[in-house]
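For ligands, and for the atoms within them, numbers begin at 1 and follow the listed sequence. No hydrogens, no waters, no symmetry mates; every other heavy atom, side chains included, goes into these values. Each residue takes its place number in the sequence, starting with 1.
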Amino acid sequence: MPAHQSKSHEGSRSEYKDKDKPTQIRISNFIAAKAVADAIRTSLGPRGMDKMIQASNGDVTITNDGATILKEMQVLHPAAKMLVDLSKAQDIEAGDGTTSVVVLAGSMLDACSKLLEKGIHPTTISESFQGAAGKAVEILEGMVTPLELSDRDSLLKSASTSLNSKVVSQYSNILSPIAVDTVLNVIDPTTADNVDLKDIRIIKKLGGTVDDTELINGLVFTQKASSGGPTKIEKAKIALIQFCISPPKTDMENQVIVSDYSQMDRVLKEERNYILNIVKQVKKAGCNLLLIQKSILRDAVSDLALHFLAKMKIMVVKDIEREEVEFVSKTLNCRPIASLDHFTAENLGSAELAEEISTGIEKVVKITGIANQGKTISVLLRGSNKLVLEEADRSLHDALCVIRCLVKKRALIAGGGAPETELALRLMEYANTLSGMEQYCYRAFAGALEIIPFTLAENAGLNPIATVTELRNKHAQGERTAGINVRKGAITNILEENVVQPLLVSTSAISLAAETVRSILKIDDIVNCQK
Ligand code: ADP
Ligand code: MG
């Protein structure tokens, strides 16, 4: 064979591409991502199961929240990580629906693999899914019940729906009003279009049960008042300080070498005077409650200073974390004082009452009746053990997010699989107006949405196929709010069960899930790079 011929032959061989590779990569991505979706599928809905998550350090978490489960899960495959991020994105966008979004994505991936098997090109599927998701959101928006923020009843129902599916669901009668009232307290219902959840401070304290949780229009500190001083102050004049009341730290360079007792006496006396001087100025400004930010360099307040403060009947709460300062200062409507020079009467906040109270096991300090209080609120959350307390905190956060969604977009839809079934039906109808591959993909997308009622039924111990077909029939006959009544184990008008949820949770779940599925679909290779 001539040399040049053999060369060209080799050349063509080096260009040869493995045509199967993109398909294999796609299949492996789908399998990895689906594994994540399947792992949390069983925790969807009020009859969903909980997960016990054990961290490598032995910490145990019990939760039903999709975002939390996925956050704690050790996921290695890059495509599976995309589903973890999807849940996170839903958590940020809506706060609830973090399980639904992943379950939906899993089902859409299933639909994709079937379409791919039929030989439809990934780009066609991707574009159709984008269109279908847009159409789905449009249809959902047409199904809503508008809501006024003055409609407390509906707000309560939505908070309860979100809490129903939690480990702490038996406390939803306590936590729902708290979620609603806290949010309404920090916004102006007529103008607000968002809620800053930073204005709601949840303080967790062990002891008692979730029943003992209370809403506090004021401030709560988990630490007790420094011992020796007063524990109850009426007509409090409050200062929030960021400087230390302790002798400056001597470091290696300017260490004082004390050689005899008289010198030592002098040093001690100087320290004493230094601290006394600060304490006197505090008293002079009329302050009787001192809140001290924690210092990273040294003790923010020395024992001697505490002794003097106690003698002058000044109550002290120390170790206030840096992150808390903003909230405390906003609530008290006074700025934190960074140096003694600014310690004057006009920089103090005032309140009717500051008092140390016992929660059974430990003590907390409560400040109420704050003059010109900023728009903030505190919740003292209680629980009998750490696992319950942590899950109650996460669940309350979800409920707060649900109310926030309703502030952002004042629209409600039914729950219990009703919106997904109706959506699937309408989308199928719409698909009939399309042609070719597009119609095929739209139908697959519509079918994928039915995973929500399917899973709700499965988790509630019902026959999923029978339930979903019955649900489909009812919706086809025009019963738009027929949903799965998990308590009765039947299909009823779900609005009568008070199962309602914000529109935003569902629309965001569908759009975000479709977006992630499209990105996974369009990957045809994984390239490892060395950093
Ligand atoms: P997510 O993390 O996605 O919010 P959940 O476990 O909270 O997952 O389950 C939410 C689903 O459960 C929604 O589809 C909602 O409509 C449904 N759901 C909640 N409460 C009920 C109920 N009482 N009856 C039927 N379905 C319900
Ligand atoms: Mg939920």
Taking only Lys NZ, Arg NE, NH1 and NH2, and the carboxylate oxygens of Asp or Glu, determine whether [X] and [Y] approach each other closer than 4.0 Å.
X    : Y    : value
R518 : E515 : no
R41  : E458 : yes
R472 : E450 : yes
E390 : K204 : yes
R394 : D65  : no

For ligand 1, which is the ligand I care about here, please tell me if [X] has any N or O atom under 3.5 Å from one of the ligand's N or O atoms.
X    : answer
L44  : no
E420 : no
S162 : no
K166 : no
D65  : no

Show which atoms of ligand 1 fall inside a sub-4.0 Å distance from at least one heavy-atom site of [X].
X    : answer
G416 : 15 (C), 16 (O), 25 (C), 26 (N)
T99  : 1 (P), 2 (O), 3 (O), 8 (O)
G415 : 16 (O)

Of L155, L503, L406, which is the lone residue that meets side chain to side chain contact (heavy atoms under 4.5 Å, CB included) with L412? L406
Of D212, I178, I202, the residue whose pairing with L381 passes side chain to side chain contact (heavy atoms under 4.5 Å, CB included): I202
Applying a 4.0 Å heavy-atom criterion (strictly less than), which segment of [X] is in contact with ligand 1: side chain, backbone, both, or neither?
X    : answer
S43  : backbone
N164 : side chain
V103 : neither

Report the C-alpha separation of N432 and M428 in whole Å, then their side-chain angles, then the decisive distance to 0.1 Å, and conclude whether the side chain to side chain contact (heavy atoms under 4.5 Å, CB included) test is met. CA-CA 7 Å; N432 289 341; M428 292 273 189; 5.8 Å; no
Nearest heavy atom to [atom] wins, so pick from [options].
atom                    : options              : value
atom 1 (P) of ligand 1  : G66, G417, G483, G97 : G97
atom 6 (O) of ligand 1  : G45, G48, A457       : G45
atom 25 (C) of ligand 1 : L456, I484, V499     : I484

Using the side chain to side chain donor-acceptor pair (under 3.5 Å) rule, take S508 and Q90 through it: C-alpha gap first, then chi angles, then the decisive distance, then the call. CA-CA 7 Å; S508 131; Q90 172 79 2; 2.5 Å; yes
Would you find a donor on one side and an acceptor on the other, under 3.5 Å apart, between the side chain of N473 and the backbone of V468? no
With a 3.5 Å distance limit and no angle check, can you tell me whether T124 reaches the backbone of I120 through a side-chain donor-acceptor pair? no
Can you tell me if A418 has a non-hydrogen atom under 4.0 Å from ligand 1? no
Within less than 2.8 Å of the Mg ion (ligand 2), the count of protein N, O or S atoms comes to 1
